[in-house]
Structure formats: structure tokens, C-alpha cells
There are 2 protein chains.
Amino acid sequence: MSRRPTLKDVAALAGVSRATASLVIRDERGPSAASRERVRAAAAALGYVPDPAAQLLRRGRSGLLGVVFTARDAFHADLLDGVYPAAEARGFSVVLGAVSPARTADRAVAALLASRCEALLLLGGRYGAERLAELAAEVPVVDVGHVGEPGPVDAVASADDEGVGAAVEHLVALGHTAIAMVDGGEQPGAAQRRAGYRAAVRRHGLPERIVPGDNTEVSGAAAVEALRPDLPTAILANNDQCAVGVLDALRRSGIGVPEQVSVIGYDDSQLARLAHVDLTTVAQDAGEIARIAVGAALDRAEGDTSEPKHIRLTPHLVVRSTTAPAP
Amino acid sequence: MSRRPTLKDVAALAGVSRATASLVIRDERGPSAASRERVRAAAAALGYVPDPAAQLLRRGRSGLLGVVFTARDAFHADLLDGVYPAAEARGFSVVLGAVSPARTADRAVAALLASRCEALLLLGGRYGAERLAELAAEVPVVDVGHVGEPGPVDAVASADDEGVGAAVEHLVALGHTAIAMVDGGEQPGAAQRRAGYRAAVRRHGLPERIVPGDNTEVSGAAAVEALRPDLPTAILANNDQCAVGVLDALRRSGIGVPEQVSVIGYDDSQLARLAHVDLTTVAQDAGEIARIAVGAALDRAEGDTSEPKHIRLTPHLVVRSTTAPAP
DNA sequence: TTGAAAGCGCTAACAC
DNA sequence: GTGTTAGCGCTTTCAA
């Protein structure tokens, strides 16, 4: 097996200098169309791929965007789909650090730092303010899915309170006046969703009715029991799974959804999309979140030193078949 | 902000040459105890950290193990859990290439190759023999989850046909005689699981009944519709996600699981272990597969040129609460 | 035991 | 427009 081709080989084959070949490869202006053509052909013929170590050494920059994600998280997978094109559009490569039960976020971060990435995207908002500040001293950091008070670094998250607000508006527009919410307890984001519900019903002068829950199907079913016998005409669940439990309990006792009671979930998970579930729910726009987060991270990598930005994206309602006009 | 200290700075401060300092930093033998002492002190005083890019450039090795995985695949997440410690134990770092609907395996491979990884782990067995041979010409490749005939590269996979066979045996032992399977379509591994099902039902003289599917919950739910009205007493799904769709569709139409219909998944993913799913399923030993695959890949990276190895691990049935004696 | 010198593959100045 | 030159920070001969 022969040595990998270097820029020198490409230049020799194309009959130009290494400098010219380098410019062509990097799409810099300078070389004539004829030179470009021949260098391109030579590179293709040789299967030339630039050596990142040499580039890094010379440029003093890695062109790498580090992304810490959770391997099993479907929403993170959606985010990654958006991260790759956004980073590549700006000439950065993505280097991934997986977090799993067997691998802590700290390990993932350490590995990414060792790769000399120029900025770090933290998916999942799992770090506290102090740790974020520590990391930010090493490299620009963007906290994706940040909850709570604005922290010391750029953050991108969806405005869950507004998402729930939109769900309530939808129900009000359908004529509902008795709208209950199944709470999400201590789960991340639950407080914000609860606040959104409270604000929205208050805005419309409607009664507030919250029953406890914990994002599971079982808790959704239990919530229905807790609401009896005075069932509302609409139930908001803190997430889709819980909503499915609500649906299940209602239908089991012969109550028509959406004819008698409307149900709305949260997350637009696969579950919500099942043909026979077909749940009205609130979706976060993963692509948009990813695009904005990457933009912020790379702006920092390229020298932006403005105050930390805190961006909240408005999620949108996905109307399916579990909501209808109030009976 | 001052420049990072280089080896030259350390050497100057210690009053030795860069060569000597290099030896000390890498714990190579040669330098005298006195030199070691002074270089160590100088490095500590300066907070010196070797530049990996320069080391790589000079050494001509990246110390990287590339891993192509599918972002949404729970089993791949389990494999990654095993890959990291195995690679790190041998002094390699792991560099990940994600495959998703928006990013092809070829792109992921290209990115990893560009990072100059010394070996490649392909999770998911999605490449054919020719492509594998092409890749293997660039870098040692281990095909994890390989199906079919032994290919041109090392392969580690679980014997999915035996896994499905064990699932059928379990059902037969419970008295089931009408056992259907929800297929996995073109998904990697599906053909082998289908073959295992066919062989097992034939062995017992039972009728064969296969409905199409594609490893999603939606397809599991659809499969139940396709099986109506003549529902079997047991349904085997090509993976856990699909099985959850099956469970969901059955329960939603009031059919008791496992009282009326038994359901078995495949993969023993986190999903199967959730308390309210508690799915009987077939488990592959992800940790063992990962360990063996990493070992093979790094052996190759370090010069092993023996014939391609083909390792098949036997999966085992995990009985939970979705299977019971036939009604 | 130590140091001088020669690059690894690439890019940035500067000259032509 | 293109080539020459001089390193980036490190390791590795090879002499001393």
C-alpha cells in the first residue's frame, strides 16, 4: 500500500507549485482557471485529502466545532441533523462527544477540548452556571436547551411557556373554557410549561386546574381519575407520553376524543405521530435551534465578544386529530 | 494573553536542548536524572501541554479510531458505551461519524477518513463487500453487525437468526402455534432475522406469516392492522421499537398482552426495559461486541495482517412480561 | 548522555 | 498569477 498523496504530489502532477495547489484546494482566489482545473484533476486522480494535523499546525486553528450530545436522545439526533450542515456551511467540521450512562459529560468535554475544537455546543443544558463559566474560559460555549435564569454563556432553548400558551390559544379558539393541565413535576422544563399554562388561562379569565404528573403514561391515566367526575373539555399534558396515558384512560372509559374531550401533548415525539395516536402536540424546531446555536458558537470562535446572548425560539403547535371544538 | 508555551520554551528554561526535553516529556529513556528533574520543573512552571497536532504530524499517526454510527439507534448507543473504554484502554481516541436521514454513511466515512483515523468501525453492517474492500484499501475496517457471507474485512456480529430462533422456541414452549413476524424491510440485519424466523417455524411445522415493517413504532402499529382480523397468538417484531408499536396498537384496541397475544422484540434496548413496556426481547451483548470489534480494529491498525476474522456472538432471550402461555 | 539538524504536510509572506 | 522561502511544534536520526 503506497503512501497517502500529499499536496506536493498533487502540485507535481498538476505541474504547479505547492502554494498554487494549496490555494486551489482551499478555494482561495488567485490561481487562474487553467491552474484550478489541473490541480482539481490531479487531486481527484490521486484521491488527495488534506492532512488536518498539518493544517492545524500551520494555521493554528482546528476548524472544529465540538458537540456534546446524549447518544440515546432522539431530540439530540434531530439537532445533530441540523448541526452538520450549519457547521459545514461555515467551513467547520463537527467533532462529536457522546454522553451515556457509562461516559460522563465531563469526559466528553475533556476529549473535545483535547481535539482543540474552537467552540463547544452543549446539548441538553445539563451544566450549572459555574461549570459553564469554567468551560467558557477555555473555549466559547453554547448551552443548547438551557433552562432557568440566563447563565454566563450563550444559550439557545425553546420557549416552552409560549409553546403551552399556543396550545391554550388553540383550545380557546375552539371554544374550550375548561382546560386542565397534567403537570410534569420536577422534570426539566416542567416549571416553564406550567408557568405558560398559568399565564395563558389567566389571560383568558379561565379557571386554573393542575393535577400532578411525572411525564409517564401511568401518571396521565391517573390524572384522568383525579379529574373525575368533573372532567374538563380539554387536557394539556406535560409531554406526549403522559398525553397517551390520558388518551388511554379516557377512551377506556368510553369518553370520545376529541368529541367530548380534547387532548394536547408536548414534544412531537414519534409516539405522537403514530397513526392511531395522531396526537395534537407542540413541536420544537430542532433544525432552527441547531442553526442558531451553531451560528452563535462559530461567531464566538471567530472573535465575537459581545454579551452572552439568550435566544428563545417559539415552538409551534402541530394540530392532529385529538383536538376539536368544545362540545 | 501570552502564547502557549512550546517545547522550545521548556527546553530553554531547563537549559537543555529540545530533543532532551522531548525525551523527558515522553518518559523515554536517555536523559539523566538531573536533566529530567529540571525539564519537569520547567514544564510545570510554564504549564506546558504538548501540541497534539504537531505530535501527530511528526509521528505520522493520529491515534484515532473512527466509528460510524446511526444517531437514533439505541443499540448503537449501547455499542458506543463499550467502544470508548476499549479504545481508551489501548491509547486511542474515538472520533464519531453520525449517520442520519440528513447525512449519509458515505459522508460520515469521508469525514472520518479526513480526520486520518487509523481504523474504522462500521456499526450497522450497511456496506456491501465491494465498498468494504474499497474502504479497507484506505484503512483497516471492522464491520460490526455484518450480515450474510463472510466479507473481505473483519466482522463482528451477533447470530440474529439464532436469536430469533430462541424467541420462537420460547413461544413454542409456551404452546403458541400461530406466530407472526413483523419484518424489518431493508434494514441491516432484517434478512437474517427473517431467515431465523422462517427456519424456526419450519422446524416446528408451523405456518409462516410475515408482514412488512421498517423498524419504527408506526410500522409496528400498522402491522397489527395488517394482521387483522385473523390475529396470531404471538407476534415477533424485528426490533424493540417496532414491538412497542405492536403493543400499543394491540392494547389500544383492547387486546390483552400477554393474555391474548404475546409480543417479542429484538435488541433489549432501553425502551424494552421501561417499566410500563417491560418487553420480552432478544439481547445482543453490546459490550462484548464492542470490545471485540475495537480489539480487531486496533490490532489491524498496529499491523495485524492475518486473514479477515468473522466473529458471531450468540444473543440470548430476555423474558419479561409480554409473553405468556397461548390462550 | 546530549545537541544539531532535518523534516512531517501545510500555509503565509513576499518576490517574480 | 505563480513560485520561492520560511516556518508552525514536534520527533528522530546522527554525531559528538
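Just so we're on the same page: letters track the sequence lines, and every chain starts at 1.
- OP1 or OP2 of C:dA12 sits under 4.0 Å from a side-chain N or O of A:R26.
- Side-chain N/O atoms of A:S22 include none lying less than 4.0 angstrom from OP1 or OP2 on C:dA12.
- In this structure, B:I25 places its CD1 atom 14 Å from P of D:dT12, rounding to the nearest Å.
- Taking atom CZ on B:R4 and atom P on D:dG9, their separation rounds to 10 Å, with Å as the unit.
- Distances from the side chain of B:P31 to the nucleotides C:dT2, C:dT11, D:dG3 place C:dT2 closest.
- Both B:K8 and A:S17 lie near DNA chain D, and the one whose nearest nucleotide falls closer to the 5' end is A:S17.
- Atom CG in B:D51 sits roughly 14 Å away from atom C1' in D:dG7 (whole-Å rounding).
- For the pair B:R90 and B:F92, the cation-pi criterion (under 6.0 Å, within 45° of the ring axis) is not fulfilled.
- You'll find that the side chain of B:L57 is closest to C:dC8, out of D:dT11, D:dT2, C:dC8.
- In this structure, CZ of B:R36 is placed 13 Å from C1' of C:dT2, rounded to the nearest angstrom.
- Rounded to an integer number of Å, the gap from B:D9 CG to D:dC8 P is 11 Å.
- A sub-4.0 Å separation between OP1 or OP2 of C:dT11 and a side-chain N or O of A:Q55 is present.
- Side-chain contact, B:R300 with B:T305: no donor N or O sits under 3.5 Å from an acceptor N or O.
- Dashed line: the shortest gap from a side-chain N or O of A:S35 to OP1 or OP2 of D:dT2 is under 4.0 Å.
- Residue B:E28 contributes atom CD, which lies 9 Å from atom P of D:dT11 at whole-angstrom precision.
- DNA chain C is contacted by both B:G15 and B:A54; B:G15 maps to the nucleotide lying nearer its 5′ end (nearest heavy atom per residue).
- Side chain of B:R40 to backbone of B:R36: no donor-acceptor contact under 3.5 angstrom is found.
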Could you go through B:D267 and B:Q284, starting from their C-alpha distance and side-chain angles, then the distance that decides it, and tell me whether this counts as side-chain hydrogen bond (donor to acceptor under 3.5 Å, both in side chains)?
CA-CA 6 Å; B:D267 280 347; B:Q284 313 179 47; 3.2 Å; yes
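- Nucleotide C:dT11 holds its P atom 11 Å from the CG atom of A:L56, rounded to whole Å.
- Under 3.5 Å, the side chains of B:S306 and B:D304 contain a donor-acceptor pair of N or O atoms.
- Judged by atom type and distance alone, A:R58 reaches the base of D:dG7 through a side-chain donor-acceptor pair under 3.5 Å.
- Put simply, B:S32 has a side-chain N or O that comes within less than 4.0 Å of OP1 or OP2 on C:dT2.
- At whole-Å resolution of the value, CG in A:L7 and C1' in C:dC8 are 14 Å apart.
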